[in-house]
Amino acid sequence: MNPFGVLVIGAVIGAVLGLSVTSEFFNRKTYVTILGVAVLIDVLMGSYPFYTWDLSVELPVSGVYLAALIGMLAGKAAGGR
Amino acid sequence: MNSELIPLMVVFPLISAILLNLMHGKDRAVRVYGTLAMVVVIAVPLLAVYGNHLFGAHPAIDTPAETGIALGRINLAIEYSFGFLQRALIFLLAAIATFAVLSHTSNEKRASGVYLSMVMLSIAAVSAVVMANDIFNMFVFLEILTISQAAMVVAKGDIGGYKAALKYLIFGGVAGGAILLGIALLLGTFGVLNITDLGNALSGNTKSPIVLTAVGLLVIGWLFESGLFPFHTIKSHIYSSAKADVAALLQTETKIVLVAIAIILLRLFGGLSNMSAVMVGLSVITLAFGSVMALVQTDFRRLLAFAAVGQAGLVGIGLSLGTPDGIAASIFHAVNDALAMSLLFVTVFVIYEGAKTTEFSRLGGLLTKAPRLAFLQIIGIMAVSGVPPFNAYQSEYRLIGAAFQAGYPELGVVIILGTIVTFVALMKGFFLTFLKESTAVAAIGRPQLSNALPLVTFATMVILALVCLGIGLHPGPLYDRFADVAITLTMGV
Amino acid sequence: MNTKDIYEMRTVVAAVFLGIFSIFVLKALTSFEIIPGVSYVYNLQGPSIAPNMITVILFDWRGYDTLGEAFILITAVFTTGILFGRGVLGGDVKVRDTAATRQPSVVQKVFAAPLVFIIVAFGIVITLGGHITPGGGFQGGSVIATAFFLSVVVFGLRKNVFSLSHRSLETFEGVGALIYLCLGLAGLGLSGYYLYNVGADFYPGLGVAQWAVNLLSYPDATNAGIIPYLNIGIALKVLSGFCTIITVLMGAEKK
């Protein structure tokens, strides 16, 4: 059983917080920075926080982290303030 | 037996506190929900079945040897126990809190959801302390109680309230730390937090330095939460800085918590004669200081605040004796005194609302203005100071009897003296407010006290006076069951 | 002897008593032998609920205490609000918003906004991993709140990365606390015991309906039941509590 629900929950919380983010301080460079640094951090985190995935290989990145980040960005895009 | 309504007595006020805070600003919603919530708060203790409740459903198990606990069976869950004593105390609290809530929703122009949520939090906290059979849970809710009490005083919005609340919180921090350290020492030494288990583990084991230190620390916490001797000034300061309906609620909560923690201390360290002696001594000092300080006050609210603290000392004396009669009489006196003191606080509140002051130098001659108020106040004074037809007479008489029976006739004399001093102080207040000829009131605009008496306030006073009279005439039904509770308690010791 | 002398004497007496008391406490602590106690049983049974023992003890056996701890924080936040005029009797006192918009430096401007996203995502990971690894609602909520602090410190209160009004923070806080309280009520309704871990169904004999177990079991191989949901509630409550306090303190006017 793969814990996909965790990704959903993470994305939802991220989206809720992302809804209240204002656009004023963001431009294309900011998003590039966010994604670049996030991928780096994600790789360094490894499989933290150690959810058990039924995959043939061990997951090299933290899925929850990415889900939360994508959720935030989506929430910000949807909020549009 | 598991009873499902027991946790609701704490959880429902907590939910209400959150909802009322969310409703803040919507005036009508706050008023309606606040009033309806109090109906539930009063109904639940009456409907709940006596029994125990285990949080998280974890049962008692046979103790594994590796734990090092010297008991056959231990409780894993946080446990609440609910019996007649708990029902009586929580119902009393709910009743007085209802008066505070109704007086808020009917007298204020704009109902404050935050303030009502603080009232709810304090109800939940006191109910939890009364029912908790788990010493750490007791500590957690004592913290909530301290902060919410300070908040209710701050909500009055003047600088005096801020000062009193800040002092109260600082001392509360010290007392909370003392309780927590005491609990930590007991947990480390005996390995359990459940009070029944801890009492069994402690029996015959009370002479080690760890236990004595823990007793000292827990007694410090008890003294603070009940406003006894070293903390009597801060407690009276809190009472006199609050609005009177809040002060009535605060002193009720204080007396209930006094009884609850003293019973926990007796259950844990009942065999320890030193603790009993210290508790009696500090209670006597509180009674003396409270009553004498009340005598010299020049402000009616401060006078009442000190009188309330002195009466707490009276409650403490009987509980510290540790005899069944003493405990029963003390619990009975706590209930009686909370009722009568609330009546007095409400009458003084009315004076303050009308005259905008309670300083004796600026009051006087109110008898012709407010005869109904004067009548109710004299009933309150007689009830508090133990004049025969009223309730406190019954409990003080039994307290004196208990002191004689326990072999301390001197305590009986002290109780009588304290009562007389309280009576004199309160009568002084009555005389200076109602009887003394004064022209000072004219200068601040003649208060229309008898006309301006709001219906809820008047009904509150009449109901409290009638209850005081009723318990005074028929003390049996209540006292006998407190006596049963006390006998069960002391059998376990 | 004037008043000042009395105060000095009082300090001396207090110091002497504190010294004596400290000696007693230290003497007691030297003879302090700690036994494993009830935590041995918790550690024995805990791994069958979730791997992180601290979270299991905090949210399952002592879950009700944790509820109380959370309410200490809530009470403190409400009290801070009252201190600054919200909910004072006789109508709210409006505090004039004097917090000026700050002009951040270039470095702050470039790094603060992306950092906010990264910190918030990390806080969510800590919250959601609370039952497996060190972490949980309190910690995750505090981490998310630091993102808000950073944004407030760099950009000022009026115009920062988050446009969180007081009202929405209150809603977050209320929702967080209600999640906790209502999960407890679910246990009460289904099994008869408040805060029973319905999803993990540790004591199957209580007759909890299977649909409820399926509904509240957490989508993860290490089945922690309702504990991760409790963590989420606590995280919402802690982050909004801290954010409310900093909003109130930053917005307060000096008198």
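Reminder, nothing fancy here: chain letters follow the sequence lines and each chain counts from 1.
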Distance-minimising heavy-atom pair for [X] and [Y]:
X	Y	result
C/Tyr229	A/Ile9	CE2-CD1, 4.2 Å
C/Leu128	A/Gly10	CD1-CA, 3.5 Å
A/Leu69	C/Ala121	CD1-CB, 3.7 Å

Check the surroundings of atom [atom1] in [X]: do more than 12 heavy atoms from other residues, nucleotides or ligands lie under 6.0 Å from it?
X	atom1	result
C/Phe111	CZ	no
C/Phe122	CZ	no
C/Ile54	CD1	no

Is [X] in contact with chain A via its backbone, its side chain, both, or neither, using a 4.5 Å heavy-atom distance?
X	result
C/Pro134	backbone
C/Ile144	side chain
C/Ile232	side chain

With side chain to side chain contact (heavy atoms under 4.5 Å, CB included) as the criterion, how do C/Phe172 and A/Leu17 come out once you've worked through the C-alpha distance, each side chain's angles and the decisive distance to 0.1 Å?
CA-CA 10 Å; C/Phe172 276 176; A/Leu17 290 168; 4.1 Å; yes

Any sub-3.5 Å donor-acceptor pair from A/Thr22's side-chain atoms to C/Val161's backbone N or O?
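Yes, A/Thr22 side chain to C/Val161 backbone: donor-acceptor pair under 3.5 Å.
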
Any donor-acceptor pair under 3.5 Å from A/Ser20 side chain to C/Phe162 backbone
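Looks like no, no N/O pair under 3.5 Å.
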
Are C/His131 and A/Phe50 an aromatic pair by the rule of ring centers under 6.0 Å?
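Not close enough - the centres of the two rings lie 6.0 Å or further apart.
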
Does C/Phe117 have its ring centroid less than 6.0 Å away from the ring centroid of A/Phe26?
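Yes, ring centres under 6.0 Å apart.
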
To the nearest 0.5 Å, how far apart are CD1 in A/Ile13 and OG1 in C/Thr127?
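One gets 6.5 Å once the value is rounded to the nearest 0.5 Å.
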
Contact part of A/Leu35 toward chain C, heavy-atom cut-off under 4.5 Å: side chain, backbone, both or neither?
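Interface part for A/Leu35: neither.
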
Side chain, backbone, both or neither: which part of A/Ile41 has an atom under 4.5 Å from a heavy atom of chain C?
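Only the side chain of A/Ile41 comes within 4.5 Å of chain C.
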
Student check: side-chain heavy atoms of A/Tyr65 and C/Ile124 closer than 4.5 Å:
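SC-SC contact between A/Tyr65 and C/Ile124 ruled out.
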
Please examine the side chains of C/Pro114 and A/Val37, heavy atoms only from C-beta on, and report whether any two atoms are closer than 4.5 Å.
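With C-beta onward as the side chain, the pair stays apart.
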
